[in-house]
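Worksheet: the structure to be examined is printed underneath.
Throughout, a chain's letter reflects where its sequence line sits, starting with A, and its residues are numbered from 1.
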Amino acid sequence: MPTALEITKLTKRYPTGVDALKGVSLSIEDGEFFGLLGPNGAGKSTLIHCATGLAQPTSGTIEIFGNDAIHHYREARAAVGLAPQELNLDWFLTVEESLDYHGGYFGMPKRERRERVAELLDTFSLTDKRDDRTRTLSGGMKRRLILARAMLHRPRLLILDEPTAGVDVELRLELWHYVQRVNAEGTTILLTTHYLEEAEQLCNQIAFINDGEIVAQGTSAELADRYGTASLEDAYLTLVGRKELSRAHIADAGEAEGTT
Amino acid sequence: MNGKPEIGDPPHDGQARGATRRPRSGRLTPGQIRFITLVRREITRFVKIKRQTLGAPLLETFLYISVFGAALGSRIKQLHGVDYVVFIIPGLIMMAWATNAFSNNSSSILQQKFQGAIQDQLSSPASPAELLLGFSLGGFLRGMMVSSITFVVASLMIDLPVDHPFVLLAGIFLVGFFFSQLGVLVGVRAEQFDDVAFYQTFVLQPLIFLGGVFYSAALLPEPFQTLTQFNPVYYMINLVRYGFIGYSEANIALSLGFLTVATAALLAVNLRLFRSGYRLRA
């Protein structure tokens with residue numbers, strides 16, 4: 001069984017001269033729930049864009065279920081569902097059209113699209129909104145639609161780029177339950193997030209990316225161990241050189257102040 | 001989310017959809033479905049804003065016919081053996097196709113880049129050629145609709161001849177496709193709406209107006225008569241006018257030849273840009 005996503009020595013230099021990725025190698029096994037953590041500008045979105053054809057790598061290789069994502073992009077892209085960070089919905093389309101057209105772009109026959117769209121509208125509580133233009137949806141509704149769209153063509157690899165940024169607690173928990181179930185059913189998931197508890201809760205493998213390089217990879221416990229810290233958050237803060245922000249550190253300082 | 005089972009249900013049967021699966025006979029292939037959907041998206045867009053995309057150009061064309069044909073025409077009478085209004089209608093039909101094809105495609109692509117919505121097509125298995133043709137056909141079909149309605153309505157109102165239907169169809173289809181491609185090119189290159197408006201107002205409109213939609217270049221004084229011959233749109237108008245009324249100031253075979261070569265060259269440039277991902281893929 002080939003790995004879901006195999007990235008080797010991937011570099012990306014933007015025309016501005018910025019090196020967003022500096023030789024990233026990454027392997028995500030089929031069925032894994034993989035978390036990619038890192039500060040803003042670390043290269044998370046660039047990596048995702050390279051894997052989905054939205055950015056063109058400068059060098060290196062990307063294979064998705066054994067298919068070269070650059071030269072055999074049809075097979076590779078057909079296997080991937082992308083829920084991007086930006087709410088990139090088409091203003092001219094309704095909720096239902098957004099899903100239907102996405103299915104069309106992925107070559108799904110009409111009847112299959114109709115059934116799958118109805119199923120996902122129901123799953124994401126969007127049935128009442130099916131004829132609304134996407135522009136009129138609330139932020140939370142847009143986020144649901146983005147996820148439904150990513151799932152529509154039944155991808156084997158689901159890429160979620162900060163799916164819970166700016167959503168309320170209820171929706172965040174709903175999304176967590178949903179993606180966990182999808183993963184349990186066999187879909188491989190690559191998740192980027194700023195919320196460390198999200199990664200801890202959901203992911204069985206986590207990689208830290210910083211300044212265009214993967215600097216550590218393992219389970220949450222392994223990473224905490226490696227950095228000699230009590231939690232994933234502290235490991236992360238150590239990585240980005242901001243140990244002084246550790247909650248344990250702040251609590252200790254508070255207690256120390258209280259005793260004087 | 002209502003917690004129903006089997007929502008993910010990924011196809012773990014080896015190959016993913018959209019690439020290699022062969023349909024049963026009579027069914028559309030994934031590639032055909034994809035292409036039809038790309039075109040459907042473009043048609044849906046202009047139909048949803050039809051007042052602006054179909055209504056406005058139709059009104060504009062009929063205003064031209066009223067002002068130039070009816071009001072001025074009563075003074076000008078005949079030009080090269082036909083009524084003035086009949087002389088200008090072929091140019092107006094061509095202009096409608098050209099400007100609608102151009103503005104539709106340039107605006108649609110730029111809007112999708114702005115919204116980021118174009119990422120949905122770009123991250124799909126669609127090839128550069130499929131994407132290019134999908135984006136092109138929206139404007140082509142919108143131009144065809146406006147031109148056809150103008151033709152039908154004008155034919156009901158006046159006696160509009162069609163002397164050379166094959167030259168007319170070949171000429172006007174090439175014009176429509178040329179400006180569709182030009183619209184795509186400008187839309188892909190554009191970074192703000194001003195970029196699109198610039199070409200429309202400062203390049204396209206003057207070339208079309210000075211190409212002889214409303215007058216015969218043979219009647220112009222020098223140096224304007226000679227200058228007009230450097231305007232490519234002049235030959236397009238002549239082709240279409242020849243198709244309708246059989247009158248042309250330019251060599252028809254040469255005009256058709258050049259237009260075919262120019263359209264093919266533009267198509268090749270666009271295909272190269274789409275393959276390279278220029279301003280579409282970072």
Walk me through it: do A:H49 and B:L122 pass the test side-chain contact (heavy atoms from CB on, under 4.5 Å)?
-> CA-CA 11 Å; A:H49 287 174; B:L122 293 178; over 6 Å; no
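- Between B:K48 and A:E97 there is a salt bridge, since a side-chain N of the basic residue sits under 4.0 Å from a carboxylate O of the acidic one.
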Mind running side-chain contact (heavy atoms from CB on, under 4.5 Å) on B:S124 and A:R77 for me, showing each step along the way?
-> CA-CA 6 Å; B:S124 80; A:R77 287 186 205 157; 6.0 Å; no
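- Here CD1 of A:I159 is found 9.5 Å from OG of B:S123. Values are rounded to the nearest 0.5 Å.
- When every heavy atom of A:R74 is checked against every heavy atom of B:S127, the shortest pair comes out as NH2-CB, 3.3 Å.
- At a 4.5 Å heavy-atom cutoff, A:R135 makes no contact with chain B through either its backbone or its side chain.
- There is no contact between B:I36 and chain A, counting heavy-atom distances below 4.5 Å.
- Interface remark: B:S108 contributes no atoms to any contact with chain A (heavy atom separation under 4.5 Å).
- Distance CG/A:L54 to CG/B:L280: 10.5 Å, rounded to 0.5 Å.
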Would B:R41 and A:D90 count as a side-chain contact (heavy atoms from CB on, under 4.5 Å) if you check the C-alpha gap in whole Å, the side-chain angles of each, and the deciding distance to 0.1 Å?
-> CA-CA 10 Å; B:R41 190 265 161 207; A:D90 194 328; 2.7 Å; yes
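- In this structure, the side chain of B:R281 engages the main chain of A:G53 through a donor-acceptor pair within 3.5 Å.
- Side chain of A:K110 to main chain of B:I33: no donor-acceptor pair is present (N/O by atom type, distance under 3.5 Å, no hydrogens or angles).
- For A:T94, the parts lying near chain B are the backbone and the side chain together; criterion is any non-hydrogen pair under 4.5 Å.
- In this structure, the side chains of A:L93 and B:T44 come closer than 4.5 Å at one or more pairs of heavy atoms.
- Within 6.0 Å of CZ in B:R279 there are more than 12 heavy atoms belonging to other residues, nucleotides or ligands.
- The number of heavy atoms from other shown groups lying within 6.0 Å of CZ (A:R172) is above 12.
- Of the residues considered (A:H102, A:H177, A:E86), A:H102 shows the highest number of contacts with chain B, using heavy-atom pairs under 4.5 Å.
- Interface residue A:P84: only side-chain heavy atoms are found under 4.5 Å from chain B.
- Contact annotation: the side chain of B:P125 approaches that of A:F106 to within less than 4.5 Å [non-hydrogen atoms, C-beta and beyond].
- Heavy-atom distances place the backbone of A:L89, and not its side chain, under 4.5 Å from chain B.
- Judged by the 6.0 Å and 45° rule, B:R34 forms no cation-pi pair with A:Y105.
- Heavy atoms of B:Q32 lying under 4.5 Å from chain A are absent altogether.
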Please walk me through it: do B:Q111 and A:F92 pass side-chain contact (heavy atoms from CB on, under 4.5 Å)?
-> CA-CA 10 Å; B:Q111 276 166 354; A:F92 290 99; 3.3 Å; yes
